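Notes follow once the structure below has been shown.
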Amino acid sequence: MQIAIVADAAAVAEYAAERIAGVIRARAESAAPAVLGVATGSSPLGTYAVLAARVRAGQLDVTGVSAFALDEYVGLDPAHPESYRSVIRRTVTEPLGLDPERVHVPDGAAADLEAACARYERLIREAGGVDLQLLGVGANGHIGFNEPTSSFASRTRVKTLAPQTRADNARFFDAPDSVPVHCVTQGLGTILEARQLLLVAQGEGKAEAVAQMIEGPLASVCPASALQLHPDAVVVIDQAAASQLRFSDYYEYVQDQLPEGSA
Ligand code: GLP
């Protein structure tokens with residue numbers, strides 16, 4: 001795992017956007033446009049804003065780029081402003097100017113959710129897999145909506161949201177009870193198949209989850225610890241999110257001594 005501790009949230013966004021832009025450019029040269037995995041939540045918003053600014057300035061060409069979202073609420077009208085379909089359109093598809101036909105979100109409104117989950121897995125495979133999956137982390141260590149005790153082998157499926165996650169996300173709804181109880185999420189096994197993982201976290205509220213993810217045991221009670229299994233995972237955090245790490249001096253030392261050619 002590569003750990004980059006940077007000054008603040010703005011630096012997290014710059015660092016992450018640079019990595020994503022690098023993948024988009026590299027894939028454009030190979031004639032098969034990039035397949036990005038995108039996340040909702042507040043953590044990646046700064047990254048999307050930096051990418052959108054680069055597209056507007058003509059510094060980044062996203063022609064042909066496709067995207068797969070991690071998760072969606074179950075039982076929420078897809079047109080609801082807080083459905084992840086709407087959130088991804090508002091924060092990713094429109095600002096970056098992606099082709100909406102190439103942006104996919106799991107279908108949480110399907111009559112047959114199990115079939116919809118299997119279809120989503122198939123769609124990712126048919127696209128050639130995800131080149132880079134951008135992730136945030138929940139305060140309880142969840143990634144996507146893989147709540148504590150999710151299997152490391154799990155695939156896209158229906159899950160029950162933890163009470164803490166519902167409380168955390170209540171800020172987006174008119175009342176805490178309006179937060180759906182169920183969701184559809186890519187599994188940890190699905191996420192681990194992305195060729196690169198890039199997790200961003202900012203602020204004190206994430207410090208404990210970040211410490212468990214990086215320095216805690218590989219354990220399904222901290223689903224984000226699954227990143228320890230991935231051969232190309234990068235974690236970009238600000239000083240506040242790094243505040244409970246025991247070995248931050250070591251990570252900063254490694255970051256300063258990166259061998260030539262590695263970013
Ligand atoms: C949400 C999403 C996750 C996100 C996490 C953290 O519920 N399903 O993909 O990473 O919780 O959210 P935030 O970035 O707003 O702290």
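Just so you know, ligand 1 is whichever comes first in the structure, and atom 1 is the first atom listed for that ligand. All values below come from the heavy atoms of this structure, side chains included, with hydrogens, waters and symmetry mates left out. This is a predicted model, so every value here is computed, not measured.
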In terms of atom number and element, which parts of ligand 1 are under 4.0 angstrom from non-hydrogen atoms of [X]?
X      : answer
Gly136 : 10 (O)
Arg171 : 15 (O)
Asn169 : 7 (O)
Val137 : 6 (C), 10 (O)
Tyr84  : 1 (C), 2 (C), 7 (O), 8 (N)

Salt bridge check, [Y] against [X]: does any charged N sit closer than 4.0 Å to a carboxylate O?
X      : Y      : value
Arg90  : Glu82  : yes
Glu215 : Arg246 : no
Glu147 : Arg157 : no

Can you tell which of Arg119, Glu114, Glu121, Gln186 makes a side-chain hydrogen bond (donor to acceptor under 3.5 Å, both in side chains) with Thr156? Glu121
Minimal non-hydrogen separation, Pro44 against Leu134, with atom names: CB-CD2, 3.7 Å
Taking the minimum heavy-atom distance to atom 3 (C) of ligand 1, which of Ser42, Gly138, Gly144 ranks first? Gly144
Identify, for [atom], the protein heavy atom at the shortest distance, and state residue, atom and that distance.
atom                    : answer
atom 5 (C) of ligand 1  : His142 NE2, 3.4 Å
atom 12 (O) of ligand 1 : Gly41 CA, 4.0 Å
atom 8 (N) of ligand 1  : Asp71 OD2, 2.9 Å
atom 4 (C) of ligand 1  : Thr40 O, 4.0 Å
atom 14 (O) of ligand 1 : Ser43 OG, 2.5 Å

Tell me whether Leu96 shares a hydrophobic cluster with Tyr15, the cluster being built from Ile, Leu, Val, Met, Phe, Trp, Tyr side chains joined at under 4.5 Å. yes
Would you say Lys206 has any N or O atom under 3.5 Å from an N or O of ligand 1, going by distance alone? yes
Show the numbers, then the answer: is there a ring-ring contact (aromatic ring centres under 6.0 Å, His included) between Phe173 and His80? CA-CA 10 Å; Phe173 291 84; His80 188 288; 5.7 Å; yes
Take Tyr84 and Phe145, measure what ring-ring contact (aromatic ring centres under 6.0 Å, His included) needs, and give me the verdict at the end. CA-CA 12 Å; Tyr84 282 177; Phe145 269 141; 5.6 Å; yes
